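Atom set for the values below is all heavy atoms of this structure, side chains included, hydrogens, waters and symmetry mates excluded. Here the structure is a predicted model, which is why all the values come from computation and not from measurement.
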Amino acid sequence: MSADDSPDAYDSLLERYKRATYIGDAAGVLSWDQEVVMPEGGTPARSKQTSALSGARHDILTSDEFEADLNAAEDAALSDEQAAVVREIRREFDRAAKVPKSLVERISEETSNALPIWKEAKAEDDWETFAPQVETLLELKREYANHIDPEADTYEVLFADYEPWLDLSVAEDVLEQLRDALRPLIDDLNEADADLATPFDGTYSDDDQFSLAESTLEYLGYPDDHGRLDTAPHPFSSGTQFDARVTTRFDNEDPVGSIGSVIHEFGHATYTLGLPREEYGTPLGQNRGLTVHESQSRLWENHVGRSASFLSNYVDLVNDDLGTDISGQELYEAANQVYPDNLIRVEADELTYHMHIILRFEIERDLLSGELDVADVPEVWNAKMEEYLGVTPDTDAEGCLQDIHWAHGSFGYFPTYSLGSVLAAQLFDAAESDIEGLDSQLADGEFDALHEWLTEEVHQHGARYTTNELVKRATGEEFSADAFIEYADAKFSDLYDL
């Protein structure tokens, strides 16, 4: 069979897959609505709606007609791009076909139900309120993983939902490298006799910080006709290449945290918006997994947003919107201080951030394996915080209830944060080599060249290449943590005068 002789199978497969994608994206809008603007009482209806959409999408992806088109398309003479599309669809079909529709719907419904329970538990500082929902979701996720591969490690199966083309062993190696390299560096920084600036000593209203968030997005080039800014209990970004929305939250005594979160979510959104519009609905119009997605947010947050060059000019926006009078150097020092006693992952500095990820990774693995009881999570969480960061949360809200991921049933997600961080360093190294005067451009508030480089090397390819193939094309090297470790050592040794 050739593509010319039988174009119908590939075209039919693509149309069916697009329909499944559109349904999934509609569910994403409902999820955004639930986290941002839906009234609290809307959950019973919303959980049924998202469950129905999950079931409808699953029906398409597992139908006999879909499988027949997929089998026929695989036998056709395909272009390289078509072969990549079929590869991605085959992987998704093989996993989806093994999972009963009833389980897919149940997971969707339970995660929708879990969100307001998590919010309540966090507000009341009460893990016991949320624990039954965690038990339920763990049970459902174990069942889900068992359907896909009963012989494999449960965590490994779930991790592949978020990073399909890097083995879990890669994540484990990266986390081990980061732990071994960063813990002694953090210790050295704690002992250093550095007196870094702490220029924010007042209170800053939500309105002023929202104004700064809007100014920041405009400064970076976020298109308001293809996105919007809102607040949410846990910052996130979601959407498509036509509509990529961002959220943030505010601490009235620490505007640096919101600045970082806005730039972070902008990085996610600019990747989403950079995906090819003509491929919307196909794998070529979808992101390459959460490692690459996180690399974009961490690149903009850390390698751009926390750089001295960027902050030297950006500080004027901060002073205008917050009524402060600080220098670029003071803002640079404030944005890059290392705080091992920080309890909150999304407010963590570049180095201790990875200790937060390691903690969550270890707890998730033990929960899924049954080695850790849900009731014991607060105790174990606090013990690991003391071990890795030397600080113990006073409340569950500051500890095991701070992240939204378990309410989403997203077990296996956390390692992609560290994978994305190391990839961000690798990509930024390559961008600096390819873009003459990049540092000066960032200082002048000129981001077009970096946008274009990232679009050319990452965004425009969608899911055409596997993760490591994409990394090699962009950087000329295999995926590695080396660039991040070298970057971290150089940056913080200089900042703290080691």
Side-chain angles (χ1 to χ4, degrees), residues 31-32 34-36 110-138 141 155 158-159 161-163 171 175 231-238 246-251 257-258 260-261 264-265 268 290 293-294 297-298 301 342-349 352-368 372 374 376-385 388-389 391-421:
S31 178
W32 171 88
Q34 183 175 10
E35 293 191 42
V36 177
E110 289 296 340
T111 55
S112 186
N113 287 332
L115 184 60
I117 298 174
W118 167 74
K119 289 180 179 178
E120 177 189 354
K122 185 176 180 181
E124 299 296 329
D125 182 31
D126 182 14
W127 172 256
E128 290 185 3
T129 296
F130 187 48
Q133 202 68 31
V134 176
E135 291 271 17
T136 298
L137 290 171
L138 283 168
K141 284 294 186 171
Y155 196 91
L158 298 180
F159 172 73
D161 275 345
Y162 308 106
E163 178 41 69
L175 292 176
T231 58
H234 193 98
F236 72 101
S237 172
S238 68
V246 299
T247 65
T248 189
R249 67 181 182 189
F250 307 119
D251 180 335
S258 177
S261 108
H264 179 100
E265 300 308 336
H268 280 303
L290 290 189
H293 225 313
E294 192 63 23
S297 61
R298 299 295 278 179
E301 177 190 1
N342 171 63
L343 297 166
I344 309 300
R345 177 186 62 84
V346 297
E347 298 171 2
D349 56 80
T352 62
Y353 182 88
H354 299 287
M355 300 301 108
H356 288 267
I357 299 303
I358 292 168
L359 177 154
R360 287 154 175 78
F361 168 68
E362 293 175 348
I363 287 177
E364 283 192 343
R365 291 210 70 166
D366 288 346
L367 281 170
L368 285 162
L372 173 62
V374 171
D376 296 331
V377 165
E379 179 183 354
V380 172
W381 183 289
N382 292 353
K384 287 182 179 292
M385 283 291 291
Y388 292 142
L389 295 168
V391 60
T392 302
D394 290 328
T395 68
D396 291 344
E398 294 179 326
C400 56
L401 284 170
Q402 65 181 266
D403 289 309
I404 199 172
H405 301 64
W406 293 343
H408 286 162
S410 298
F411 300 99
Y413 189 121
F414 283 114
T416 63
Y417 285 120
S418 286
L419 294 174
S421 293

### Task
Using the side-chain contact (heavy atoms from CB on, under 4.5 Å) rule, take I363 and V380 through it: C-alpha gap first, then chi angles, then the decisive distance, then the call.
CA-CA 8 Å; I363 287 177; V380 172; 4.2 Å; yes
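- For F236 against T247, the heavy-atom pair with the smallest separation is N-OG1, 2.8 Å.
- V346 places a side-chain heavy atom less than 4.5 Å from the side chain of R249.
- Judged by distance alone, the side chains of T111 and H408 never bring a donor and an acceptor atom under 3.5 Å apart.
- With sequence neighbours excluded, no residue forms a side-chain hydrogen bond (donor to acceptor under 3.5 Å, both in side chains) with D366.
- How far OG1 of T136 is from CG of N113: 10.0 Å, rounded to the nearest 0.5 Å.
- How far OG1 of T129 is from NZ of K122: 14.5 Å, rounded to the nearest 0.5 Å.
- Under the 3.5 Å distance criterion, the side-chain polar atoms of E135 are left unmatched by any main-chain donor or acceptor of A131.
- The minimum heavy-atom distance between I357 and P415, with the atom names listed, is CG2-CA, 4.2 Å.
- Looking at heavy atoms from C-beta onward, F411 lies in side-chain contact with L137 at the 4.5 angstrom threshold.
- In summary, the side chains of S112 and Q34 do present a donor paired with an acceptor at a separation below 3.5 Å, with no hydrogens or angles considered.
- Pairing each heavy atom of R298 with each of E301, the nearest pair is NH1-OE1, 3.1 Å.
- In this structure, OG in S261 is found 9.5 Å from CD in E347, a value given to the nearest 0.5 Å.
- The distance from atom CG of L290 to atom CZ of F159, rounded to the nearest 0.5 Å, is 9.5 Å.
- Between Y417 and H405, the gap from one ring centroid to the other is short of 6.0 Å.
- Here M355 contributes atom CE and R345 contributes atom CZ; the two are 14.5 Å apart, rounded to the nearest 0.5 Å.
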### Task
For the pair L359 and M385, evaluate side-chain contact (heavy atoms from CB on, under 4.5 Å) and give the outcome as yes or no after the intermediate values.
CA-CA 7 Å; L359 177 154; M385 283 291 291; 3.6 Å; yes
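- No hydrogens or angles considered: a donor-acceptor pair under 3.5 Å links the side chains of E364 and W406.
- To the nearest 0.5 Å, the span separating NZ on K141 from OG on S410 amounts to 6.5 Å.
- Counting only distance, with no hydrogens or angles, the side chain of D125 and the backbone of A397 share a donor-acceptor pair below 3.5 Å.
- Test F361, Y413, F414 against Y155 for ring pair (Phe, Tyr, Trp, His ring centres under 6.0 Å) and you get one pass: F361.
- Nearest approach of F130 to A121, heavy atoms of both residues: CB-CB, 3.7 Å.
- The heavy-atom pair separating P233 from E35 by the smallest distance is CD-O, 3.8 Å.
- C400 and V377 make their closest contact through CB-CG1, 3.7 Å (heavy atoms, listed as atom of the first residue, atom of the second, distance).
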### Query
Please walk me through it: do H293 and T416 pass side-chain contact (heavy atoms from CB on, under 4.5 Å)?
CA-CA 9 Å; H293 225 313; T416 63; over 6 Å; no
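- Remark: E362 pairs with K384 by the salt bridge (Lys or Arg N to Asp or Glu O under 4.0 Å) rule, at least two apart or across chains.
- A 4.5 Å side-chain heavy-atom check between L115 and I404 finds at least one atom pair inside the cut-off.
- Contact annotation: the side chain of D126 never approaches that of D396 to less than 4.5 Å [non-hydrogen atoms, C-beta and beyond].
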